[in-house]
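What follows is one structure encoded as structure tokens, with my remarks underneath.
Chain identifiers are assigned alphabetically (A, B, ...) following the order of the sequence lines, protein sequences preceding nucleic acid strands; residue numbering begins at 1 within each chain.
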Protein chains: 2
Amino acid sequence: MKNPTLSDVAHSAGVSYATADRVINKRGNVAEKSTRKVRDAMVALGYVRNVAAANLSRKRIYRLAFLLPNGPNAFYDRIRSHLHGLSAHLAKDQISATAIGVDAFAVGGLKSCLSAIADQGFDGVAVVGLQSTELEAPIERLVEQGVHIIGLVSDLPKHLRSAYIGIDNVAAGRTAARLVGVSHGGQSGRIHILAGSTEAHDHADRLAGFYEVIRRDFPNLAVNDPVMTCDDPTVVKAEVEQVVDGSCGITALYNIGAGNGGLIDAMAQLNEAHRPFCVTHELMPDTCHALQHGHIDLVIDQGPDVEVNRALSVLKALIDGRSPLPAPDLVPTIYVRDNLPADPTLAMMKDTSHD
Amino acid sequence: MKNPTLSDVAHSAGVSYATADRVINKRGNVAEKSTRKVRDAMVALGYVRNVAAANLSRKRIYRLAFLLPNGPNAFYDRIRSHLHGLSAHLAKDQISATAIGVDAFAVGGLKSCLSAIADQGFDGVAVVGLQSTELEAPIERLVEQGVHIIGLVSDLPKHLRSAYIGIDNVAAGRTAARLVGVSHGGQSGRIHILAGSTEAHDHADRLAGFYEVIRRDFPNLAVNDPVMTCDDPTVVKAEVEQVVDGSCGITALYNIGAGNGGLIDAMAQLNEAHRPFCVTHELMPDTCHALQHGHIDLVIDQGPDVEVNRALSVLKALIDGRSPLPAPDLVPTIYVRDNLPADPTLAMMKDTSHD
DNA sequence: CTGAAAGCGCTTACAG
DNA sequence: CTGAAAGCGCTTACAG
């Protein structure tokens, strides 16, 4: 019942091990006839290449890079720290994963970073992408070098990457809308929306999804035009305070982007029973705390840790030339105050543990 | 920068390869003095054992078993089919995973199954457990044989297993309660609860969590005593039809167990705008369809595919004697009609694809 | 175009 | 208690 090896195949095909190897690894320089014989033997015996053995003999080390936006951003800090906590573990599987900072969210920064990592011997890179054709040149250069590219959290143009690991932001926005809608229990209301910027594709997607559902299924709810906050907590706070004084009739608040600190500060001053229903994104120490204390109601979390783990295994599969383990698409987790991780700080930090 | 090998360690310790091997693998028969020298060299060089090489030379094959309840159950069918779809993929990593049917949910069936798989050469087994001390004997026997045991979906007594892969059902019940509560928008109401049986620990846990939150945070909501349905759709349907005729003032329905077909049939007859708010568990073709058509509102899904994948990697880590990849606890996904998998039937079935 | 041989980092008899 | 040697399934020069 044990798997046939390459030498079984070679034998059965009547050629040498080296020749069989040449055809299964497409190294060329093999007579048409030999190729055919080997191919036949392969299927006849049901040959399955032993990747572990191949990697051992080749001394393969998976060199991976994660291109993450620089700057003070709790979300990417969490990704960085998870990656860091994983490194000892990954080393045992001959995987090295390096986080590389990219300047701002601007195309220029990403472009130069992509160019800079060429010729550095990376086998795969996960990049927090941008929808810009300007990225075409540097990425194609990498691909020519045999580097595998995937989009992480925010996608690249589809034709430039082999996979996207992240959530469907339109669906996330729709989900937020549904839950906000449901929270009105059939009563009418007015929803106020905050977003980081119109540039950010993920924000635009969430907004589109949100509108779609509210307009279709909740005619009793009015939606204010989104206010841009640049993800700045101070801006968020000022905006929320101004609009929530009671005279505007706001019954729900949806923060599409970051800057939750400001939202939470503003909400904490209100009476829980009378404040608007609040939905935000990403479970962080502050949003977790706010949920526990009833300052906000729902957090839609994309699970950065899981995204990183998934990116890692997809990249490895790509490099090994095989399909990744079948797994369902990533769907964000909805947190309420009742399903929070046992010890929030611990849960956030446990990544830094090693084994 | 490359990792030191065992022969580096042996060299540096001034002993033979074989001796170094004996101490790192605790095979015994080594002089105290040699042991010390090797140990010192190990830490000095920062030796990391290459598991892949070890497995290759040992021709290790991971033989795993999944003990799943028999009988017509869509949930476990889905687990079985996912497992089946994975097998080609797993084979490439020298992993074989066999699903083994266990009679009913009774302790007796599980006990005899656990006894039956002893001496069969399994390295690890994931079992849909039961909280019964009767399982102690057969499990301890397996453990003595070096078999690693984990609980899947439903836990075993803690001291009998190395890990539990599944959701926190109390938290799931609390989440259901929160969302049901929120859906009333501050208005009062009455909630009707259906459960499979009082025996099932997961049902009991969900119920407890549900009560906890409603009682604490939603004094305006009354909760009927749970009705036991034996997870039978016919029973569920009859019960729902009886209670939803309008005269009972039911504003929400929570089905803790299975038998959703009955719930959906009953709901489909009602006007979406006036039917009670409906929450159930597990995304299946029927619940997915019901969500899309507005017959129910929320599905709390534990993600059996992800559970299986996780069980696999935890089992492998256990067998290799290392800690699993750090990953957050499993939290169920909340589905509404707006965040359903792209093609539901496809998504359910894609497991059967091979690579 | 083809083949024989050494080596990847480990384990497993086997002989002292 | 210790060591030399073959072998796991592959890849990589190297020699024809």
Side-chain angles (χ1 to χ4, degrees), chain A residues 1-39 41-42 45-62 91-95 123 146 319-322, chain B residues 1-39 41-42 45-62 91-95 123 146 319-322:
Chain A
M1 202 53 222
K2 75 184 271 296
N3 285 334
T5 75
L6 225 209
S7 75
D8 293 333
V9 173
H11 247 117
S12 150
V15 300
S16 79
Y17 194 105
T19 299
D21 169 74
R22 286 188 182 93
V23 2
I24 84 132
N25 284 308
K26 301 175 184 157
R27 304 190 206 282
N29 288 106
V30 180
E32 175 64 28
K33 200 172 153 190
S34 310
T35 304
R36 199 172 312 283
K37 284 192 295 184
V38 174
R39 288 254 158 74
M42 272 179 58
L45 301 187
Y47 173 68
V48 178
R49 184 161 168 278
N50 183 327
V51 184
N55 286 343
L56 172 60
S57 98
R58 182 190 302 173
K59 295 154 147 280
R60 181 191 254 319
I61 288 176
Y62 299 85
K92 299 191 182 176
D93 292 315
Q94 355 295 339
I95 298 175
D123 301 297
I319 294 170
D320 286 339
R322 44 188 227 171
Chain B
M1 202 56 222
K2 77 184 269 294
N3 284 335
T5 75
L6 225 210
S7 75
D8 293 333
V9 172
H11 247 117
S12 150
V15 299
S16 79
Y17 195 105
T19 298
D21 169 73
R22 285 187 183 95
V23 2
I24 85 133
N25 284 309
K26 302 175 183 155
R27 303 191 207 282
N29 288 104
V30 181
E32 174 64 30
K33 201 171 154 188
S34 310
T35 304
R36 199 173 310 284
K37 284 192 295 183
V38 173
R39 289 253 158 76
M42 272 179 57
L45 301 187
Y47 173 69
V48 178
R49 184 161 169 277
N50 183 327
V51 184
N55 286 343
L56 172 59
S57 98
R58 181 188 304 172
K59 293 154 147 281
R60 180 191 254 319
I61 288 176
Y62 299 85
K92 299 191 182 176
D93 292 315
Q94 353 296 339
I95 298 175
D123 302 297
I319 295 170
D320 286 339
R322 45 187 226 171

Does a side-chain N or O of A:Ser16 approach OP1 or OP2 of C:dG3 to a distance below 4.0 Å, or not?
yes
Is there a Watson-Crick or G-U wobble partner for C:dG16 with both distances under 3.5 Å, and if so, which one is it?
D:dC1
Any idea which heavy atoms bring A:Tyr62 and A:Asp93 closest together, and the distance?
CD1-O, 4.0 Å
Tell me the interatomic distance from A:Lys26, atom NZ, to D:dT11, atom C1', rounded to whole angstroms.
17 Å
Could you tell me the separation between the CZ atom of B:Arg60 and the P atom of C:dT11, rounded to a whole number of Å?
11 Å
Please report the closest heavy-atom contact between A:Leu6 and A:Ala20, naming both atoms and the distance.
CD2-CB, 3.7 Å
Using a heavy-atom cut-off of 4.0 Å across all strands, would you classify A:Ala54 as base, sugar-phosphate, or nothing?
sugar-phosphate
Does a side-chain N or O of B:Asn25 approach OP1 or OP2 of C:dT11 to a distance below 4.0 Å, or not?
yes
Among the candidates C:dG3, C:dT2, C:dC10, find the nucleotide nearest to the side-chain atoms of B:Tyr17.
C:dC10
Salt bridge present between A:Arg60 and A:Asp123 (N-O < 4.0 angstrom):
yes
Which of the following nucleotides, D:dC10, C:dG3, C:dT11, is nearest to the side chain of A:Asn50?
D:dC10
Heavy atoms under 4.0 Å, any strand shown: does A:Leu6 hit a base, just sugar-phosphate, or nothing?
sugar-phosphate
Interatomic distance, B:His11 NE2 vs D:dG3 C1' [rounded to whole Å]
13 Å
Expressed as a whole number of angstroms, how long is the span from B:Leu56:CG to D:dC8:C1'?
4 Å
So B:Asn50 and A:Gln94, do their side chains get closer than 4.5 Å, heavy atoms only?
yes
Round to a whole Å and report the spacing from CD1 of A:Ile61 to C1' of C:dC8.
12 Å
Separation of D:dC8 P from B:Asn55 CG (nearest whole Å):
16 Å
Under 4.0 Å between a side-chain N or O of B:Ser57 and OP1 or OP2 of C:dG9?
no
note: B:Asp8, atom CG; C:dG9, atom C1'; distance rounded to Å ~ 10 Å
Between B:Arg58 and C:dC10, does any side-chain N or O lie under 4.0 Å from OP1 or OP2?
no
Which whole-number value in Å describes the distance from B:Ile24 CD1 to C:dT11 P?
6 Å
Is B:Arg49 touching bases, backbone alone, or none of the nucleic acid, heavy atoms closer than 4.0 Å?
sugar-phosphate
Nearest nucleotide by nearest heavy atom, which residue falls closer to the 5' end of DNA chain C, A:Ala18 or B:Ala18?
A:Ala18
Side-chain atoms of A:Asp21 come closest, of D:dT2, D:dT12, C:dC1, to D:dT12
Under 4.0 Å between a side-chain N/O of B:Tyr47 and OP1 or OP2 of C:dC10, yes or no?
yes
Would you confirm whether B:Asn55, through its side chain, and B:Ala52, through its main-chain N or O, come within 3.5 Å as a donor-acceptor pair?
no
In terms of heavy-atom contacts, A:Met42 and A:Ile24 come closest through SD-CG2, 3.7 Å
